[in-house]
Amino acid sequence: MTKTRYNEVKVKEVVANPEIQTAIKKAVDVPTKVIIKSVRNPFKNDDTNETTQKVHAVAGTSLLDMVEFDFTLVNQTVDGTEAINKEFQIVDYGFALEANMRGGNFGGYAPTGLKLLVTKLLPVTNEGK
């Protein structure tokens, strides 16, 4: 990794660096099995040829330890009617800075929290149970 002078650092680019992503994964807990509660329609960015879809999910083994969270599927989509209340496994993911948006205008980055970008999500099959 080449170093950039501290006064020229672009935090978004530093966070996107694979070495930094690996360090964040070691320091941050991400549930591996989730139950999808709602999905938005996929969005395809014609400039980057990238498809994203916002997902709201829950994870945990009981009501006492259940957590709600949102993530963004990248270059993969799930059917909104088929996926609801189904269990999925997060296989591959990364992080990005969470942008503060107001009225469609960028207002900086959130002081806490990261955006979870899921690049591989697989349905959990309960065969053999």
Side-chain angles (χ1 to χ4, degrees):
M1 173 165 85
T2 58
K3 290 187 178 184
T4 304
R5 279 193 282 166
Y6 72 93
N7 60 343
E8 296 174 352
V9 168
K10 295 177 180 155
V11 177
K12 187 176 176 182
E13 290 176 8
V14 170
V15 170
N17 181 300
E19 290 180 34
I20 302 301
Q21 288 286 317
T22 301
I24 293 172
K25 286 179 182 180
K26 289 179 183 175
V28 175
D29 182 38
V30 173
T32 55
K33 291 195 178 171
V34 300
I35 297 173
I36 293 180
K37 292 314 225 174
S38 68
V39 297
R40 291 178 125 181
N41 290 331
F43 170 76
K44 180 164 183 172
N45 184 329
D46 293 328
D47 294 335
T48 62
N49 204 24
E50 186 173 81
T51 302
T52 59
Q53 185 176 27
K54 304 263 186 195
V55 178
H56 182 73
V58 296
T61 57
S62 70
L63 288 174
L64 295 174
D65 70 352
M66 183 176 73
V67 292
E68 287 186 78
F69 64 100
D70 296 315
F71 62 88
T72 302
L73 272 174
V74 180
N75 292 327
Q76 180 181 353
T77 60
V78 293
D79 184 327
T81 56
E82 292 291 321
I84 303 301
N85 292 325
K86 300 272 184 350
E87 193 174 30
F88 286 81
Q89 182 174 356
I90 296 175
V91 178
D92 195 26
Y93 60 91
F95 299 99
L97 296 174
E98 187 72 58
N100 288 327
M101 302 295 285
R102 179 167 291 172
N105 296 322
F106 176 70
Y109 293 108
T112 59
L114 293 168
K115 180 189 281 188
L116 179 62
L117 303 172
V118 176
T119 53
K120 188 169 185 182
L121 184 73
L122 298 174
V124 173
T125 57
N126 292 323
E127 294 177 16
K129 280 193 173 181

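In terms of hydrophobic clustering, with Ile, Leu, Val, Met, Phe, Trp and Tyr side chains grouped at heavy-atom distances under 4.5 Å, Ile20 and Leu114 are assigned to a common cluster. Hydrophobic clustering (ILVMFWY, side-chain heavy atoms < 4.5 Å, transitive): Ile35 and Val67 are in distinct clusters. No single ILVMFWY cluster, assembled from side-chain heavy atoms under 4.5 Å apart, contains both Leu117 and Phe69. The hydrophobic clustering, which links ILVMFWY residues whose side-chain heavy atoms are closer than 4.5 Å, places Val9 and Tyr109 together. The cluster map of Ile, Leu, Val, Met, Phe, Trp and Tyr, joined by side-chain heavy atoms under 4.5 Å apart, puts Phe95 and Phe71 in the same cluster.
The CG atom of Asp70 sits 5.5 Å away from the NE2 atom of His56 when rounded to the nearest 0.5 Å. Between atom CD1 of residue Ile36 and atom CD of residue Glu87 there is a gap of 10.5 Å, rounded to the nearest 0.5 Å. Once rounded to the nearest 0.5 Å, the distance linking CD1 of Ile90 with NZ of Lys33 reads 12.0 Å. We find the CG-NZ distance between Asn41 and Lys54 to be 13.5 Å, quoted to the nearest 0.5 Å.
For the pair Lys26 (side chain) and Thr22 (backbone), a donor-acceptor distance under 3.5 Å is absent. Between the side chain of Lys120 and the main chain of Gln89, no donor-acceptor pair closer than 3.5 Å is present. Put simply, the side chain of Gln53 never gets that close to the backbone of Val74: no donor and acceptor are under 3.5 Å apart.
Looking at every heavy atom in both residues, Gly80 comes nearest to Val39 through CA-CG2, 3.1 Å. Residues Ile84 and Ser38 share a closest heavy-atom pair of CD1-CA, 3.6 Å. Pairing each heavy atom of Pro42 with each of Thr51, the nearest pair is CB-CG2, 4.0 Å.
Looking only at side-chain heavy atoms (C-beta outward), Val118 and Thr72 stay at 4.5 Å or farther from each other. When side chains are defined from C-beta on, Met101 counts as touching Phe106, because their heavy atoms get closer than 4.5 Å. Taking 4.5 Å as the limit, some side-chain heavy atom of Val78 sits within range of a side-chain heavy atom of Leu73. At a threshold of 4.5 Å between non-hydrogen side-chain atoms, the residues Glu50 and Thr52 count as touching. Residues Leu63 and Met66 meet the side-chain proximity criterion, which asks for heavy atoms closer than 4.5 Å. Counting heavy atoms from C-beta on, the side chains of Phe88 and Leu122 never come closer than 4.5 Å. At a threshold of 4.5 Å between non-hydrogen side-chain atoms, the residues Val55 and Leu121 do not count as touching.
Between Asp92 and Thr119, the side chains place a donor N or O and an acceptor N or O closer than 3.5 Å (distance only, hydrogens not considered). Between the side chains of Lys44 and Asn49, at least one donor N or O lies within less than 3.5 Å of an accepting N or O.
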Fill in: Val15 vs Gln21, side chain to side chain contact (heavy atoms under 4.5 Å, CB included): CA-CA, chis, key distance, verdict
CA-CA 7 Å; Val15 170; Gln21 288 286 317; 3.9 Å; yes

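Under the 6.0 Å distance and 45° angle rule, Lys25 counts as a cation-pi partner of Tyr93.
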